[in-house]
Amino acid sequence: MFLYDIPLLGLLFQFGGYVISILPTTGPIFLFAAAPIALGSLCGLMNERSGIVNIGIEGMMLTSAFVSAYAASLMVASGATVGGDAPFGASTPLIVGVLAAMIAGMLVSSLHAWLTITIRTDQIISGTIINITALGLTSYLNQILSKASPPNAGTFQPFIVPADIVELPVIGWFINAILNQRPITLSIIVLVIAMQILLFRSRWGLRTRAVGEHPKAAETVGIDVIRLRYRNVILGGIFAGLAGASLALESAGSFQNNMTVGRGFIALAALIFGRWTPLGAFGAAILFTASEALERSIRFVPPPGQLGEIMIGIPLQVYGALPYLITIVVLAGFVGRSTAPAAVGQPYERERRH
Amino acid sequence: MTGPAGEPTNQPVPPAEEAEAVEAADGARAASALRRAWALVVVPLGAVILAMLVGSIVILASQVFIGVEIDPTLPLVAYWAMISGGLGSFNGIVETMVQATPLVLAGLAVGVGFKAGLFNIGAQGQFLMGALAAAYVGGQLRDQPALVAVSLAVAAGAFGGLVYGFIPGALKALTGAHEVVTTIMLNFVAISISSYFVSGPLRAPRSPFAQTLDVGNAELIVLFGRNGHVGIFFALLAVPIIWWLLWRAKLGFEIRTVGANPDAARFAGMRPRRLIALTMALCGMLAGLAGSGEILGRVGHLTAPYATNVGFDAITVALLGRANPVGILFSALLLGMMKAGAGQMQIQAGIPVEIVDVIQGLILLFLAAEIIVRRLFRIREARVGLEELATVTRSYGERSA
Amino acid sequence: MTGSEHVAAPALEMRGITKRYPGVLANDRIDLDVRPGEIHGLLGENGAGKSTLMNILYGLAVPDEGAVLLDGQEVQIDSPADAIRRGISMVHQHFMLVPVLSVADNILLGEETMANAIFLDRTEAHRRIDELAQRFGFEIDPEAPVGSLSVGSQQRVEILKALYREARILVLDEPTAVLTPQETKEIFAVLRRLAQEGHSIVFISHKLYEVLEIADRITVIRRGRVVGTTTPAETDEEQLAEMMVGREVQLTVDRGESSPGEAVLKVDNLVVRNERGRETVHRVSFEVRAGEILGVAGVAGNGQDELVGAITGLRRVASGTVTLGGSDVTGHSPRAMHEAGLAHVPGDRHRFGMVMSFPLTDNLVLTDYYRAPFARGPVRDEAAVAEAAIGLIERFDVRTPSPFAAGSTLSGGNQQKLVVAREFSGDVRLLVLDQPTRGLDVGSIEFIHRQALAKRDGGTAILLVSAELDEVLELSDRIAVMYRGEIVAVVDGRTAVKEDIGLLMATGGRDRDGSPATGPGPASTTGSVA
C-alpha cells in the first residue's frame with residue numbers, strides 16, 4: 001500500500017499511525033519497563049559524574065532485588081500482613097523490602113567505593129567482580145532459601161487513574177501512561193527531574209561535576225575529593241537498590257536467578273547515550289525499552305498491510321539487539337568519549353604535604 | 001669497558017670473561033625468574049585459600065538460613081566431596097579436564113587482552129559466535145569424511161570468534177570506543193544473533209527444541225573416559241603456543257609493550273592502534289576455538305538459548321592466573337575441578353552447585369583487595385603483575401587510542 | 001607603586017625559609033618580604049627553588065626551618081584551603097580551571113554563593129563577578145564555558161577566583177608564559193589596579209623585561225638562595241641576567257675541539273603545533289653537522305618539546321621540512337627515523353624511554369628488537385639480546401644485580417645510563433638528547449657528558465636540548481637560543497658568555513619595546529645557519 005508515491009515516506013507514516021494506535025494500551029508499559037533502567041542510570045550517574053567508572057550496576061541491582069524479595073518474605077513469615085488497602089497495596093513487607101534493597105545497594109556500593117577509591121583497584125575490575133560475585137552469591141542463596149518455600153509478599157499495585165481523566169481527549173492516555181504505575185516506577189519521574197535540577201543548580205552538583213572533570217582543580221579550592229567520591233558512590237547505591245526492588249517487588253513478585261538479565265549494562269548504555277545527564281539517560285532508557293515494547297506489540301497486534309509484512313519479517317532478535325547496537329554506534333560515532341567526565345577512570349591521589 | 005682515562009672504549013670483551021659473564025647471567029636469570037614466579041603465585045594462592053575459608057563460612061551460614069542445626073564439619077565434607085569428585089577417580093579427572101578446556105582457551109582470550117592493556121569482557125560473545133560458526137559448518141559437513149569436517153568446523157569456529165573480536169578492536173583503534181562497553185554490548189548482540197540463526201535458518205528440522213543439526217562426522221571424538229574429547233589437546237597445546245607467542249615472538253613483545261606502556265611503544269616504533277585491533281582479533285579467535293571445542297567435542301549442536309557462563313569464568317581464570325598462560329592453565333584446572341566435583345558435592349553434602357560461583361566471586365574479591373591477602377599472609381612484595389590494568393582503565397575516559 | 005615611607009608590617013614575610021629534599025637543598029635560608037600594594041617580582045631559572053617556596057606559602061610543603069608571617073604575625077599554613085582562608089591565592093602556571101564549566105561556576109567552586117541551603121545563587125554571583133571585572137578593568141562573560149576562552153581570558157578568570165575570595169596576596173606563577181604581548185599589556189593594567197587597591201602581588205617569572213616593567217621590587221633566586229633584592233630603578237637587564245645565571249660555568253669535562261663535517265640534520269622553516277592547536281614552533285631553521293654538538297638553550301616551555309617531537313617523528317609537522325643525511329624525512333614515523341640513523345634520548349625516560357616493568361635486556365633493545373640480530377623473521381633471538389645487553393651494561397657501567405632485573409629496580413641515574421647505552425650504541429648519524437641529565441647525580445652527569453663528547457668525536461651529529469644552561473655551555477660547539485618558538489640567536493660555543501645567553505633566554509634578544517637588540521651583544525646572527 002503506498003500512501004504517496006514515495007514508498008519509504010509512506011511506510012513512515014504508516015509506522016507513525018501504528019504507534020499512535022497502540023499507545024493507549026501500551027502506554028504505561030513504556031515507563032514501567034524503563035524505570036529499572038533509568039534508576040540504574042542514576043546510580044551510574046552518581047558514580048561517573050564523580051569520576052568513578054561503575055560497570056557493576058548490574059550486580060548492585062541483582063543484589064538489591066534479592067535482598068528486597070527475601071526481606072519481604074521474611075516479614076511475611078514473621079507475621080506481617082500482606083495486601084491491604086494502603087495506596088499501591090503497600091503492605092509492611094513490601095515497604096521493608098524496599099528499604100532493605102536501598103540499604104543493600106548502599107552496602108555493595110561501599111565495597112565498590114572502598115576498592116576503587118582507597119585500595120585503588122582498577123575500577124573496571126571492581127565493577128566486574130561485583131557482577132560476578134553478586135550473580136554467584138544470589139544464585140547460591142536463592143537455591144538454598146527457595147527450598148524452604150518462603151512465603152510470597154506479592155507486589156505493589158499500580159495507581160488507578162480515575163476514569164474521567166483517562167478519557168480526556170489527546171492527553172488522557174498520556175496522563176494514564178505516566179500515572180498508572182506502581183510506586184517506585186512512579187517516583188522515577190520525580191527523581192529524574194530532581195537529579196537534573198540538583199546536578200546543574202545546586203552546590204553539590206557543581207562540586208560533583210568539578211571533581212569528575214578536574215579533581216586537582218577542586219582540591220586546590222579546598223574540596224575534599226575523596227570524601228565527595230565516597231559519598232556519591234554510596235548514595236548512588238540507593239538508586240540501584242530501588243531498581244532492584246522495582247524488579248522484584250513491582251514486576252516479578254519474587255527473585256529469580258539472574259533476573260536483571262543485563263539491565264544494569266543497558267543502564268550504563270543509557271547513561272552514555274544520554275550524555276551523562278539524568279534527563280538524557282531517562283530519555284535513552286525510554287528509547288531502549290521502547291523497542292522491547294514495540295516488539296511485543298507487533299506480536300500481539302501486528303500492523304496492517306505492507307508495514308505489517310515488513311515489521312513481522314524483521315526477526316524478533318533484531319528488536320532485542322537494538323539497544324545494544326545503538327549504544328555501540330553512539331559510542332563509536334558522535335557522542336564518543338569526549339563528553340564523558342574528563343577525569344573518569346583515573347584514580348586520584350591526594351596532594352600530600354611534603 | 002673503560003680505558004685508562006675513564007672514557008669508554010670499544011675494545012671487545014675477551015672471550016673467556018664474556019662466557020663467564022653469560023653463564024653468570026644465566027644463573028641470575030634463573031634466580032630472577034624463580035623470584036618472579038613466586039611473587040606471581042603467592043597472592044593468587046592466598047586469595048584461593050581465603051576464598052575457600054570464607055566459602056566455608058557461607059556454607060555454615062546457609063545452614064542457619066534453612067533452620068538446620070549447624071554441623072561444623074559440613075564445609076570439610078563439602079570440599080572433600082568436591083575434590084574427590086573432580087580428582088578422585090579416572091572419570092573425575094577426565095571431567096575436570098573437559099570442564100577446563102573451554103576455560104583455558106577463553107581464559108587465554110581474556111589474558112592475552114590484559115597483556116595488551118585491553119579488557120576483553122567479550123569472550124562470552126566471541127565464544128558464542130565461534131560456537132555458532134562451528135555448529136553451522138559442522139552440521140553442513142556432518143556426512144563428509146571426518147578429518148575434513150572437523151578441520152573446517154574448527155577453523156570456522158576460530159574464524160567466527162576472530163571476526164567478532166576484531167570488531168571491538170577495530171572500533172577502539174579507529175574511534176577510541178572503549179572495549180569494555182562495546183564488548184559487553186556485543187555479548188548481548190551475540191545472543192540475539194545466535195538465537196535468530198538457531199531458531200530460524202539453521203534450525204534442525206525434526207527437533208522439538210531450537211537447535212542446530214548435529215555435527216555428525218565433524219565431532220571431536222572422545223578419546224578417553226566418558227567424554228574426554230580431542231579438544232582437550234587443543235587447550236593444552238594453546239598454552240605453550242601462546243606462551244611462546246608472548247615471550248619469544250616479535251608480535252608478543254609488541255603486544256606486551258603496548259599494554260605496559262603505550263607511549264614507550266610508540267617511541268619504539270610500534271603501532272599501538274594496529275596492535276590493539278590485532279590483539280582483539282587474536283583473543284576472539286581463542287574464544288571462538290573454545291566455542292568450537294564445546295560444540296564439536298561436548299554437546300554436538302548449538303541450542304537457543306545456550307546456557308553458559310564461560311565469559312565470566314574466563315575473567316576469573318585470567319585474573320587468577322595473572323594473565324600468564326601457565327597460570328591460566330592452572331586456574332582453569334582449579335575451576336574445572338570445582339565444576340566437575342560440584343555434582344558430587346551436592347549429593348554428598350547437600351550444598352547447591354552454585355557454591356562454585358560464590359567461591360569464584362570470593363576469589364576475585366580477594367584478588368582485588370590484594371592488600372588483605374598480603375596483610376594476612378605477611379607478604380611484603382611490591383606489587384607484581386597486571387600493571388597492564390592501569391592502561392585498561394586509563395583509556396576509558398580518553399578519546400585517543 | 002607606593003611611595004610611602006610609613007613602616008607598616010609587610011603583608012607577607014618569609015623569613016629564613018629552608019627546605020631540604022632528598023639529595024637537594026631546594027631553599028636555603030630564603031628571605032622574602034612583600035609590602036601591601038606592592039608588586040614583587042620573583043626571578044629565577046628552572047629549578048632555582050621558586051616553586052618550592054610557593055608550595056610552602058600555599059600550604060603544600062612544610063619548611064624545615066624558617067617562618068611565614070602575615071601582617072607581622074607568624075602563621076602555620078596547613079593546606080591550600082587554609083591558605084585561601086588567610087587571603088593567599090595562587091594563580092598556577094597550569095590553570096586549575098574546569099573547561100566545561102562556566103566562568104561563574106569555576107569562580108564559585110569551593111566558595112559558593114548560595115541562594116539557600118541547596119541551590120546556588122548564580123544571579124548574585126554574576127553580579128559580583130561583573131562588578132569585580134569592571135573594577136579592575138576587563139570584560140568577562142560569566143556564562144561562557146571556560147574552555148572556549150582565550151588563554152588570556154582564562155588567566156583573568158583565575159585572578160577573579162582570587163578576588164572573589166577577597167584574597168589580599170596573589171601569587172602568579174609565570175603568568176605571561178602563555179600570553180601574547182597584547183594580552184600581557186592588558187594583564188599588567190589589571191595588576192596595577194589591584195596593587196592600587198592594596199593587594200600584594202608576587203610575580204614569578206623568568207622574563208626579565210616584564211619583571212622590570214611591572215615590579216616595584218625584584219628578588220632574584222639562584223640554586224635555592226636569594227642572590228639579591230633590588231628595584232627596577234637600580235638595575236638593568238644585564239645585571240639581572242647575571243644574578244639569575246651566575247658568572248662561572250660549572251665544568252665537569254673538557255670539551256676539546258670539534259671538527260665538523262657535512263650537515264647531517266637540516267631543519268627548514270619548521271612549524272609545529274601543540275596539543276591545543278597553538279603554534280609553538282614558528283618557522284625554525286637550523287642545521288647540525290657531523291662531529292659537532294649544537295646545543296639549544298632556552299627556558300622550558302618555549303617550544304623545545306614540540307621541536308624535538310617533530311624531528312624525532314613523535315609529533316606531527318604542520319609545515320616545513322626536516323632533512324636527515326640528505327633525504328627528506330619530514331613527518332616520517334619514529335621507526336623510519338631510527339632506520340635513517342636517528343637516535344633519541346627522550347626527556348621523560350619513564351614515559352617514553354623505557355618500560356619500567358620490563359627487564360633491562362628488553363629495554364636495551366627497545367628500538368631495535370624487530371630486526372637482526374635481535375630477531376629472525378617473527379621470532380626473537382633471546383640469546384643475542386642478552387649478549388648485547390650484557391655488553392652494553394658493562395660498557396656503560398649500568399649498576400644492576402642482574403641484566404634481567406626490571407627497569408624499575410634501577411636508580412634514576414642508572415635508568416638514564418641505560419637509555420643512553422641503548423641510544424649511543426651502534427651507527428648513529430644524528431643523536432637527539434633531550435634533558436639528558438635532568439635529576440641525576442654528579443657522577444652520572446659526568447659519565448653521560450663524556451659519552452656524548454666521545455660520540456661527537458666519532459663523527460655523530462648531536463642535537464642537545466637542555467634547560468640546564470651550564471650543560472649547554474659545557475658541551476656545545478654551537479649554541480642556539482630558543483625563545484617563544486623561535487631560534488633567536490646562534491652563537492659560537494667557544495666565545496659564548498653565560499650572562500649573554502641567559503639574557504637571550506629571558507628576553508629573546510629584543511629591546512624593551514620589542515625591536516631587535518642593537519649595539520654590543522653576543523656575536524650572533526639571528527635566525528638561521530651559522
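By convention in this document, chain letters (A, B, ...) are assigned in the order of the sequence lines, proteins followed by strands, and residues within each chain are numbered from 1.
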Near [X] [atom1], under 6.0 Å, is it more than 12 heavy atoms from other residues, nucleotides or ligands?
X      : atom1 : answer
C:E124 : CD    : yes
C:R165 : CZ    : yes
C:R127 : CZ    : yes

Using non-hydrogen atoms and a 4.5 Å limit, figure out which bit of [X] sits close to chain A: side chain, backbone, both or neither.
X      : result
C:I107 : neither
C:R85  : neither
C:L97  : backbone
C:D78  : both
C:I118 : both
C:A117 : backbone
C:L120 : both
C:Y21  : side chain
C:V100 : side chain

### Query
Is there a side chain to side chain contact (heavy atoms under 4.5 Å, CB included) between C:L109 and A:R207 once you walk through the steps?
CA-CA 7 Å; C:L109 189 66; A:R207 292 193 175 188; 4.2 Å; yes
### Message
I'd like to verify something: which residue of A:R203, A:R209, A:R201 has the highest number of heavy-atom pairs under 4.5 Å with chain C?
### Response
A:R203
### Task
Identify which part of A:L206 has an atom lying under 4.5 Å from any heavy atom of chain C, answering side chain, backbone, both or neither.
both
### Query
So which heavy atom on C:Y58 is nearest to which on A:T220, and how close?
OH-O, 3.5 Å
### Query
What is the minimum heavy-atom distance between A:G222 and C:A81, and which atoms define it?
CA-CB, 3.8 Å
### Query
Given side chains that start at C-beta, do those of C:K161 and A:V221 come closer than 4.5 Å, heavy atoms only?
yes
### Summary
Comparing C:D105, C:N116, C:N106 against chain A, the one with the most heavy-atom pairs below 4.5 Å turns out to be C:D105
## Note on the structure
One should read off an interatomic distance between C:E112 CD and A:S202 OG, to the nearest 0.5 angstrom, of 9.5 Å
